[in-house]
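Here the structure comes first, spelled out in structure tokens, and everything after it is commentary.
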Amino acid sequence: MFLLDSAVYSYDIVYKQAVTSEDIFLGMGNKTPATASCEDMVITVKLPGSNFKDVNVDLTDKHLSVRSPKYKLGLHLPHPCDSKNGKAQWLSDKELLKITVQMKREYDMLNF
């Protein structure tokens, strides 16, 4: 992680899974609360004082780069992802960038 400004900012990585009523109420699926059962990775980056038009995002299968005039974040992702089908959303009221990508792990066919 690289920081060009002394202002406080942070990022979080949260895992998300698609859960159906069969998984919750009937326990029929083989999903667990572990990250091995998650399909998506959601990365949120707080960029105080930044505007959406100034933010540049570059995503590869194993690396995320977020740049603005004040900040530079280089992040090696904990799991490979499908970089071609990611989704980025700017929450202007919170000055927050939210990136959702589907994970591509070698043994996912065993978990789903």
(message) What's the separation between atom NZ in Lys98 and atom CG in Asp12, rounded to the nearest 0.5 Å?
(response) 12.0 Å
(request) Please round to the nearest 0.5 Å and tell me the distance separating atom CG of Leu73 and atom CG of Leu47. (result) 8.0 Å
(request) Evaluate the ring planes of His79 and Tyr15, with Trp represented by its six-membered ring, and classify them as parallel (under 30°), tilted (30 to 60°) or perpendicular (over 60°). (result) perpendicular
(request) Using the rule that two of Ile, Leu, Val, Met, Phe, Trp, Tyr join whenever any of their side-chain heavy atoms come within less than 4.5 Å, decide whether Val14 and Val101 are in one cluster. (result) no
(message) Just verifying a value: how many Å separate Cys81 SG and Leu64 CG, rounded to the nearest 0.5 Å?
(response) 8.5 Å
(request) Evaluate the side chain to side chain contact (heavy atoms under 4.5 Å, CB included) criterion for residues Val45 and Val55: first the C-alpha distance (whole Å), next the side-chain angles of each, then the deciding distance (0.1 Å), finally the verdict. (result) CA-CA 11 Å; Val45 184; Val55 177; over 6 Å; no
(request) For Asn85, check side-chain hydrogen bond (donor to acceptor under 3.5 Å, both in side chains) against everything at least two apart and list the hits. (result) Asp82
(request) Enter the distance from Ile99:CD1 to Ser83:OG here, rounded to the nearest 0.5 Å. (result) 12.0 Å
(request) Supply the atom-to-atom distance Met41 CE to Lys16 NZ, rounded to the nearest 0.5 angstrom. (result) 12.5 Å
(message) Tell me whether Trp90 shares a hydrophobic cluster with Val42, the cluster being built from Ile, Leu, Val, Met, Phe, Trp, Tyr side chains joined at under 4.5 Å.
(response) no
(request) Enter the distance from His76:NE2 to His63:NE2 here, rounded to the nearest 0.5 Å. (result) 4.5 Å
(request) Give every residue pair that meets the salt bridge (Lys or Arg N to Asp or Glu O under 4.0 Å) criterion with at least one member in residues 59-69, sequence neighbours excluded. (result) Asp61-Lys104
(request) Give the other cluster members for Leu91, using side-chain heavy-atom distances under 4.5 Å between Ile, Leu, Val, Met, Phe, Trp and Tyr residues; answer none if it is isolated. (result) Leu96
